[in-house]
2 protein chains.
Amino acid sequence: MTGQVRTVDGRVAGRRGQATRQKLLDCLSEMLSSSPYRDVKVIDVARKAGTSPATFYQYFPDVEGAVLEIAEQMAAEGAGLTELLEGRTWAGKSGWQTAQELVDGFLEFWRKNDAILRVVDLGAAEGDKRFYKIRMKILNSVNNSLADSIAELQSKGRVDKDVNPAAVAGALVAMLAAVASHQKGFSSWGVKQAELKPNLALLVHLGVTGRKPSK
Amino acid sequence: MTGQVRTVDGRVAGRRGQATRQKLLDCLSEMLSSSPYRDVKVIDVARKAGTSPATFYQYFPDVEGAVLEIAEQMAAEGAGLTELLEGRTWAGKSGWQTAQELVDGFLEFWRKNDAILRVVDLGAAEGDKRFYKIRMKILNSVNNSLADSIAELQSKGRVDKDVNPAAVAGALVAMLAAVASHQKGFSSWGVKQAELKPNLALLVHLGVTGRKPSK
DNA sequence: CGGTAAGCTGACGGCATGACAGGACAAGTG
DNA sequence: CACTTGTCCTGTCATGCCGTCAGCTTACCG
């Protein structure tokens, strides 16, 4: 599928090279969790990986290039978020469960990848098309499924005609992503993690169906 | 209110000094809009302001310090967002209008300050307390008002008891902020600006009152 | 064992950082 | 007008990271 892994100067990477490359990615990933993106230096990543800066530049054009790589890997996993909505229904009690599981799965994914997602979010907000595309890849699966659900309910007359399914779905997905990034923020509003989830699920359910869930 | 403006080495800044300082802030602000935060260098800001890097360091400890200054100024203005909710009602047609005006005002504020808000968001997400506090200052006013509205409706029995007002309010505010930061993203989902607003207002109304608006 | 390509690094010019001392400038004083 | 005072700005410098290259080492293959 993807051709061979190549170094910046065009050579194909062998087993050893790929290991080094991966180690650099792992170390970068770790550094992103522990220090501000702005302060992540090539030399630190290289030191942490027990190699030299020159080696880093053999595999990546710059820090951003390596970050994109990590983000791509994550986006590939993130595409699996679709499963949270595949074959689910929004009617009755199972609708409430669908909402809850969507919120759960989404927050969990974000929690696991928060460091890299922060950077992706920033890049996308700054207008960088590459980051923007990656963000889309992750959100699109969920967003499209949600939009489809809403559109279907709409065609059955169970949702108002003047609702734009894509807009509502996008807003809900953006909400989930934002809340996940700033979970700590809620504690200072006196909201605990456990309380947050059902309330998010409520909002999702309200947004999709226009009705309160029957629990 | 705030004591005199001081240079890094403790001297009080005069009229000329304050002008230079402000010019540096303005130029930094402009650079943040046009290039990635990570790539904003002191030397560029100084050049743009027609001064030298050394001058910059006379007024600010580093780029981040200056960014915080800009963010504080913005947060002060942002506190005015409370007005969007003061004395408003959520009943009937005026409830729908309240939601619309909140969305409008919020998006407008975000659009005006998007560059600096991106950086604040990133800093807050990375766990920097100073940025976090500024983000709070802006969101708190809106959030508290919203939470109060919900709590009031709840006490009248018009909203379910198991709703946590602060959680719902926080999620809605986070949604508005996120959508504002990624407005461009919606166009690739085929959603136009003008369509977005009423759908956001709908979600806000649903979240606060638990019911569809009567238009 | 020799050839070839992959893998890594020391070293270097270039540039941003951040500190300092001293010069330029405005304003008040005799 | 000369002199003083305190603010304001910049030239310069040591330091450290960036990004590149030539060249050395290692692994694989016939």
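Letters A, B, ... mirror the listed sequences (proteins, then strands); counts begin at 1. Only this structure's heavy atoms are used, side chains among them; waters, hydrogens and symmetry mates stay out.
Projected onto DNA chain D by closest heavy-atom contact, A/Val40 and A/Gln58 fall at different nucleotides, the more 5' of which corresponds to A/Val40. Nucleotides of DNA chain C nearest to B/Arg16 and B/Ile43 differ in position, and the one nearer the 5' end is that of B/Ile43.
As a whole-Å value, the separation of B/Leu24 CG from C/dG18 C1' is 15 Å. Between the CZ atom of A/Phe60 and the P atom of D/dC18 there is a distance of 15 Å, given to the nearest Å. Rounded to a whole Å, the CZ atom of B/Arg38 is 14 Å from the P atom of D/dC17. The interatomic distance linking B/Arg47 (CZ) with D/dC9 (C1') rounds to 17 Å, in whole Å. Rounded to an integer number of Å, the gap from CZ of A/Phe56 to C1' of C/dG7 is 17 Å. When the C1' atom of C/dG7 is taken as reference, atom CZ of A/Arg6 falls 16 Å away, rounded to whole Å. Straight-line distance from the CG atom of A/Asp39 to the C1' atom of C/dT17: 13 Å, rounded to whole Å. For the pair A/Asp44 CG and D/dG16 C1', the interatomic distance rounds to 11 Å; values are reported in whole Å.
Side-chain N or O atoms of A/Asp44 include none that pairs as donor or acceptor with a backbone N or O of A/Val40 at under 3.5 Å.
A side-chain N or O of B/Ser149 and one of B/Trp90 form a donor-acceptor pair less than 3.5 Å apart.
A salt bridge links A/Asp114 to A/Arg118: at least one charged side-chain nitrogen sits closer than 4.0 Å to a carboxylate oxygen.
A sub-4.0 Å separation between OP1 or OP2 of D/dC9 and a side-chain N or O of B/Thr55 is absent. Applying the 4.0 Å criterion to OP1 and OP2 of C/dC8, one finds that A/Thr20 has a side-chain N or O inside that range. Contact check, A/Tyr57 against D/dT20: no side-chain N or O comes under 4.0 Å of OP1 or OP2.
You'll find a donor-acceptor pair under 3.5 Å spanning the side chain of A/Arg11 and the base of C/dA6, going by distance alone.
Nucleic acid contact for A/Thr51: sugar-phosphate only, since backbone atoms but no base atoms lie under 4.0 Å from a heavy atom of the residue. Counting non-hydrogen atoms under 4.0 angstrom, A/Tyr59 reaches the backbone sugars and phosphates but no base.
Taking the side chain of A/Ala54 as heavy atoms from C-beta on, and the options C/dG18, C/dA19, D/dC21, the nearest nucleotide is D/dC21.
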Run the numbers on A/Trp189 and B/Asn144 for side chain to side chain donor-acceptor pair (under 3.5 Å), then give the verdict. CA-CA 9 Å; A/Trp189 281 330; B/Asn144 289 340; 4.6 Å; no

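A/Ile70 contributes atom CD1, which lies 4.0 Å from atom CG of A/Leu28 (distance to the nearest 0.5 angstrom).
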